[in-house]
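Contents: one structure, followed by commentary.
Start at 1 and go down the list; that is how both ligands and their atoms are numbered.
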Amino acid sequence: MPYLISLDEGTTSARTVLYNERGECVAMESRPIECTYPQPGWVEQDAMQIWQAQMESARAVLDRSGIAAAALAGIGITNQRETTVVWERATGKPIAPAIVWQCRRTAEFCNQLAATHGPGITAKTGLIVDAYFSASKIRWILQNVAGSREKAAAGELLFGNVDTWLIWKLTNGAEHVTDPSNASRTMLMNIETGDWDEELLRLFDVPRSMLPRIVPSSGVVAGTAAEHLGASVPVAGIAGDQQAALFGQACFRAGLSKNTYGTGCFGLMHTGGVRPVSKNKLLATRAAQLDRPQFAVEGAIFIAGAAVQWLRDSLGLIASAGESEVIASSVADNAGTYFVPAFVGLGAPYWDSAARGTITGLTRGATRAHLVRATLESIAYQTREMMEAMEADSGAQLKELRVDGGATANNFLMQFQADILGRRIVRPADIETTALGAAYLAGLAVGVWKSTDELEAFWRIDRAFEPRMRDSERDALWDGWKTAVRKCRA
Ligand code: ADP
């Protein structure tokens, strides 16, 4: 029986998941990844630690399952996107700490660039100029690490997001590649042509020789060097985490969408072979692709499950994230309380970095339960705003929303989401969709599966939540939320 593994390298941990030919998880192991915060707003990781943690989790999965690397048909790789690693071609040594996607050190440069070149860059890349994406992070490293600009010009340095870094290490430096879903988050790729863009490279001062070759998300790149896992295994799938989750949710066609409820929320709607152009501050992105280019529109909400963590860790209102469900359900309504958790500004569809967290509508009757309820409700309201923007951009009406991520365990949140969105919410049996998507991409490349039709049969529902709120109630709540958002932006 053929097996596949996914290397799922996230912001807080490196995980490896082993799948059988029915797409079922057989074993999973994870190792933590540390972040360091050398200055306010800066976020770094150690690329060598990322590599070691990833390999430890992979070897642990093989040990624990008793399955030899020789029995693996392929490896899929999925990763935290945008995080930037620069290393020496000759030695494989990173020349600086990895700059993590959350890092704001290049915000000022990006603000200036947005003022002069914003619309042009958005037209080419589908992205909003922001420190979030890789280009300004590469530029920062080349400007701040002594001697690096000369080395880069001489072709001695390589850039990669975490997918590229891991594949380079796995192949002992033989392959320097990425896929379109990751490349579309660098702000250096033209989203339509799928190639690095000369004008953007000049603007960010990045030599082309540093950049990886862009290969399809599903396809055999090369075998790993045997020493890492005990046998050579084909690297056959690559996708950024959110695009991998879209694939893992079996959203293979235009109109299908998923929302991931974790620290933040990431909603993606597949738009097929058509590049979306957002009028509502959403991002256009490349979806994972087999042969032809595929696109998606994407919205990011910065604070979702993180607001629940805040209730637990900073306010002490709940003992665990899971308890929020019981407490929120203990009251009949929010008693007029709204909480906009704009701790770091607002993401889609506002991109307002000046907004700050706000609680409105408090009366003497408000209790801990109302505040907990308002927090969970805020996740659903933010998601509705994002999904409405997606519908407006795509001109397509959402029929249902597929969900995944840690906070989807909360049944109150899922029911309220269905109610406030007025759409069916579908929670699949396997909510580890990111790793699953990468395994699907690899399995299609090596022939474990023939087509995506076969994969659709694997996607099983755990529970569907139907909207059951009266329109008048939904409209009144929505008005309350919109008022709260206005206040938080004032
Ligand atoms: P990430 O991948 O971003 O680390 P996860 O998908 O692991 O996130 O989800 C963790 C987040 O979900 C945390 O922010 C946590 O507060 C939230 N969360 C987990 N369980 C629940 C729950 N039952 N109800 C509400 N929020 C939850």
In terms of side-chain geometry, is the basic nitrogen of Glu29 or Arg15 positioned less than 4.0 Å from the acidic oxygen of its partner?
-> no
Any chance the side chains of Glu377 and Tyr381 put a donor and an acceptor closer than 3.5 Å?
-> yes
When you measure from atom 15 (C) of ligand 1 to each heavy atom in Gly10, Ser324, Ala328, Gly305, which option holds the nearest one?
-> Gly305
Parallel under 30°, tilted from 30 to 60°, perpendicular over 60°: which one fits the rings of Tyr440 and Trp449?
-> perpendicular
Taking the inter-plane angle between the rings of Trp351 and Tyr132 on a 0 to 90° scale, is it parallel (under 30°), tilted (30 to 60°) or perpendicular (over 60°)?
-> tilted
Among all protein heavy atoms, pick the one closest to [atom] and tell me residue, atom and distance.
atom	value
atom 25 (C) of ligand 1	Asn410 ND2, 3.6 Å
atom 22 (C) of ligand 1	Ala321 O, 3.7 Å
atom 4 (O) of ligand 1	Thr263 OG1, 3.6 Å
atom 5 (P) of ligand 1	Gly406 N, 3.7 Å
atom 11 (C) of ligand 1	Gly262 C, 3.8 Å

Below 4.0 Å from any atom of ligand 1, is there a heavy atom belonging to Glu325?
-> no
Whether Glu466 side chain and Ala418 backbone form a donor-acceptor pair below 3.5 Å = no
Considering only heavy atoms, does Ala306 approach ligand 1 within less than 4.0 Å through its side chain, its backbone, both, or neither?
-> backbone
Face-on cation placement of Arg139 at Phe109 ring, 6.0 Å and 45° thresholds = yes
